[in-house]
Amino acid sequence: MTAYTLAHFRLTQTLFWRTPISVGIALFFPVLFGGLMPLMLPGGTRDGAPIDVAVMTGVIVMGITTLGFMTVVESFVMRRQLLILKRLRGTELPDLAIFGGEILTVLSVGLLQLVLIVGLARVVHGVALPANPALLLVMVLLGLAVCAAMAVAVSGRVPAQGSTVVVSLPFLLLSLALSGFAYPVAAFPEWLRTISSFLPFERMAEGIRTAYLGRDVTGSEVGVVEGFLVVWPGWLVLGAWLALSLLAAKRWFRWEPRRG
């Protein structure tokens with residue numbers, strides 16, 4: 001199984017880097033936003049964090065959603081409609097190896113994306129490095145897994161490749177709106193804050209912000225281990241979304257092309 005998974009991982013890596021639109025969505029736009037947005041904003045704070053950290057948090061969440069959801073939806077729908085998935089399933093590759101190779105590609109590119117965004121923020125804007133890099137890494141990997149699982153599930157309901165933007169764009173806009181990137185979460189109406197607390201975007205942003213600042217939502221300093229503990233509601237929400245998305249993927253995913 002491991003050999004098959006690694007073989008498919010190498011294939012998906014090659015396909016990813018040979019697809020300019022995937023590289024642009026996954027790397028160019030998040031890194032561009034990370035490089036330009038802090039230059040357009042005044043100083044001050046947002047949601048209890050320096051505004052440059054708040055913006056970087058939103059950029060990282062946006063990167064997670066564009067890579068984990070948008071590129072995966074596009075990839076699976078395209079390969080399904082072109083009969084690539086059907087042909088792969090007709091080979092010796094087990095189903096789990098096919099999904100495993102795709103997931104490894106998302107995670108590896110996601111790590112590169114994270115390094116570029118954090119490094120750019122540090123070099124260009126002087127943003128301090130994360131106080132808890134372990135928490136940041138785990139939160140990003142879990143966020144990518146959640147978004148990728150959602151993408152696999154949704155891909156089975158998308159009839160054709162040109163329709164992916166219909167589901168991807170609202171997903172991207174939600175990530176921008178609810179991560180604190182476009183508007184302070186603290187300024188949301190109470191009903192919207194309640195709803196967003198059950199969605200993955202704000203929980204990812206909360207964990208990433210805690211990792212960057214080394215402080216909890218009250219502003220108290222937390223250690224490395226304590227940082228993992230104080231964001232426990234986020235683990236529950238993200239874990240629930242991951243479980244639900246995997247169940248939906250098992251029910252909705254299709255290997256055969258959809259017509260009409």
Any side-chain heavy atom of [X] within less than 4.5 Å of one from [Y]?
| X | Y | result |
| --- | --- | --- |
| Thr210 | Leu136 | no |
| Arg10 | Leu6 | yes |
| Ser108 | Gln13 | yes |
| Ile208 | Met56 | no |
| Gln113 | Leu67 | yes |
| Glu74 | Thr19 | no |
| Leu135 | Val224 | no |
| Ile64 | Leu114 | no |

### Query
Got a donor-acceptor contact below 3.5 angstrom from the Ser155 side chain to the Val152 backbone?
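Looks like yes, one N/O pair under 3.5 Å.
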
message: Using a 3.5 Å distance criterion without hydrogens, assess whether the side chain of Asn132 forms a donor-acceptor pair with backbone atoms of Gly214.
response: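 Side chain of Asn132 to backbone of Gly214: no pair is present.
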
Donor-acceptor contacts under 3.5 Å from residues 197-204 side chains, at least two apart:
| unit_1 | atom_1 | unit_2 | atom_2 | d |
| --- | --- | --- | --- | --- |
| Ser197 | OG | Thr194 | O | 2.6 |
| Glu202 | OE1 | Ser196 | OG | 2.4 |
| Arg203 | NE | Ser197 | O | 2.9 |
| Arg203 | NH1 | Glu206 | OE1 | 3.2 |
| Arg203 | NH2 | Ser197 | O | 3.4 |

- Query: Quick check, are the ring centers of Trp241 and Phe69 under 6.0 angstrom apart?
  - Reply: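 Between Phe69 and Trp241, which both carry aromatic rings, the centre distance is not below 6.0 Å.
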
Margin query: Can you confirm if the aromatic rings of Phe9 and Tyr4 lie within a centre distance of less than 6.0 Å?
Written below: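 So the answer is no for these two rings.
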
Any salt bridge (charged side-chain N to carboxylate O under 4.0 Å, His left out) involving residues 120-145? Give me the pairs, sequence neighbours left out, ordered by first then second residue.
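Counting only pairs at least two positions apart or across chains, no salt bridge (charged side-chain N to carboxylate O under 4.0 Å, His left out) contact touches residues 120-145.
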
Could you note down all residue pairs passing salt bridge (charged side-chain N to carboxylate O under 4.0 Å, His left out) where residues 89-115 supplies at least one of them, sequence neighbours left out?
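Non-adjacent pairs meeting salt bridge (charged side-chain N to carboxylate O under 4.0 Å, His left out): Arg79-Glu102, Arg89-Asp95.
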
Inset, instruction - Could you label the plane-to-plane angle of the Trp235 and Phe228 rings as parallel, tilted or perpendicular, counting under 30° as parallel and over 60° as perpendicular? - result: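 Trp235 and Phe228: parallel rings.
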
If every non-hydrogen atom of Ala97 is compared with every non-hydrogen atom of Leu93, which pair is closest and at what distance?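 Where Ala97 meets Leu93 most closely, the heavy atoms are CB-CD2, 4.2 Å.
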
Do NZ/NE/NH1/NH2 and the carboxylate oxygens of Glu256 and Arg80 come within less than 4.0 Å?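 Looking at Glu256 and Arg80, the cut-off is not met.
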
